[in-house]
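Read the structure below first, then the notes.
It should be emphasised that the depicted structure is a prediction, and the values quoted were computed from it without experimental measurement. Only heavy atoms go into these numbers, but all of them, side chains included; no hydrogens, no water, no symmetry mates.
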Amino acid sequence: MYKYYKPGIVKFALNCWPPFWGAGIKILNISEDFRHVKIRLKLRWWNKNANRTQYGGSIFSMTDPTYALMLMGILGEKYFVWDKEADINFIKPGTTDLFAEFVISEEAITSIQQATANGDKVFPEFIVNVQDANGEVVSRVRRVLYVRKKPKYREEKLA
């Protein structure tokens, strides 16, 4: 699986993936090191809510697999990475296309690697702001992941 896990392939696959494509979600950019991703949610007639603004489910969906997929690309095949929990705070209505930029810092990566070296699981938390075309925050999404080194790659604990 990881042999073909490259930013361009992931971007193409997600942009063709029916839940993203159908909701008007598009990956605009994935950095070569998987540490930065930019996504757009297009405002279309079929993803508006009863108030004629961005549907909240689409806003939440645009953030769904991103951090997990980024960590899979960064950490590689030695780790299990899953979404564990998430919540969203709707701040104002989305009346334009919306954008989200996802960033994973070197400090976060180092912390995850250190915490999981002996096989322990860790639950890193990430926050992403979803902004409108004017740069105003319309929602804030908190994502918690599950990360654990696969058994054959774990270091032995010293007694």
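Residues Val37 and Tyr67 fail the side-chain proximity criterion, which asks for heavy atoms closer than 4.5 Å. Considering only heavy atoms from C-beta on, Ser61 comes within 4.5 Å of Ile25 through its side chain. A heavy-atom distance below 4.5 Å is not found between the side chains of Glu32 and Lys6. The side-chain heavy atoms of Trp21 and Cys16, taken from C-beta on, include no pair separated by under 4.5 Å. Counting only heavy atoms from C-beta outward, the side chains of Phe126 and Leu145 approach each other to under 4.5 Å.
Using a distance-only test at 3.5 Å, with no hydrogens or angles considered, no donor-acceptor pair links the side chain of Thr95 to the main chain of Thr53. The closest donor-acceptor contact from the side chain of Asn47 to the backbone of Arg44 lies under 3.5 Å. Between the side chain of Asp132 and the backbone N or O of Asp97 there is no donor-acceptor pair closer than 3.5 Å. Side-chain N or O atoms of Ser111 include none that pairs as donor or acceptor with a backbone N or O of Glu107 at under 3.5 Å. Proximity of a side-chain donor or acceptor of Asn118 to a complementary backbone N or O of Asp120 within less than 3.5 Å is not detected. Checking side-chain atoms of Thr63 against main-chain N and O of Phe60 turns up a donor-acceptor pair under 3.5 Å. A donor-acceptor pair is defined here as one N or O able to donate and one able to accept, closer than 3.5 Å; such a pair exists between the side chain of Ser105 and the backbone of Ala108. Asn49 places a side-chain N or O within 3.5 Å of a backbone atom of Asn51 that can act as its donor or acceptor partner.
Nearest heavy atoms, Ile109 versus Leu75: CG2-CD2, 4.4 Å. Of all heavy-atom pairs spanning Lys11 and Leu28, the tightest one is NZ-O, 3.1 Å. When all heavy atoms of Asn129 and Arg140 are compared, the pair lying nearest together is OD1-NE, 2.7 Å. When all heavy atoms of Phe99 and Arg40 are compared, the pair lying nearest together is CE2-CG, 3.5 Å. The heavy-atom pair separating Asp83 from Ala68 by the smallest distance is OD2-CB, 4.1 Å. Scanning both residues, Val130 and Val141, for their nearest heavy atoms gives CG2-CG2, 4.5 Å.
Checked for salt-bridge contact, Arg143 and Glu125 miss the test: no charged N lies under 4.0 Å from a carboxylate O.
In this structure, CZ in Phe12 is found 13.0 Å from CD1 in Ile27, a value given to the nearest 0.5 Å. Between Lys121 atom NZ and Ile112 atom CD1 the span is 16.0 Å, to the nearest 0.5 Å. In this structure, the separation between CD on Glu101 and NE2 on His36 is 4.0 Å, given to the nearest 0.5 Å. Between atom CG of residue Leu14 and atom CD1 of residue Ile39 there is a gap of 7.5 Å, rounded to the nearest 0.5 Å. Once rounded to the nearest 0.5 Å, the distance linking CD of Gln54 with OG of Ser58 reads 6.5 Å. Separation of atoms CD1 (Ile74) and CG (Asp33) is listed at 6.5 Å; rounding is to 0.5 Å.
Within 6.0 Å of atom CH2 in Trp17, more than 12 heavy atoms from other residues, nucleotides or ligands are found, so the atom counts as buried in its surroundings. When the shell of 6.0 Å around CZ of Phe102 is examined, it contains more than 12 heavy atoms from other residues, nucleotides or ligands. Residue-environment remark: NZ (Lys26) stays at or below the threshold of 12 foreign heavy atoms within 6.0 Å.
Through side-chain heavy atoms spaced under 4.5 Å, either directly or across other Ile, Leu, Val, Met, Phe, Trp or Tyr residues, Phe123 is tied to Phe80, Trp82, Val144, Tyr146.
Screening Ile127, Asn89, Val128 for a side-chain contact (heavy atoms from CB on, under 4.5 Å) with Arg142, the sole residue that qualifies is Ile127.
With Tyr79 as the aromatic partner, Lys150 does not meet the cation-pi criteria of under 6.0 angstrom to the ring centre and within 45 degrees of the ring axis.
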I would like to know whether Arg154 and Arg148 meet side chain to side chain contact (heavy atoms under 4.5 Å, CB included); could you show each step before the answer?
CA-CA 9 Å; Arg154 295 176 189 163; Arg148 189 172 193 186; 3.3 Å; yes
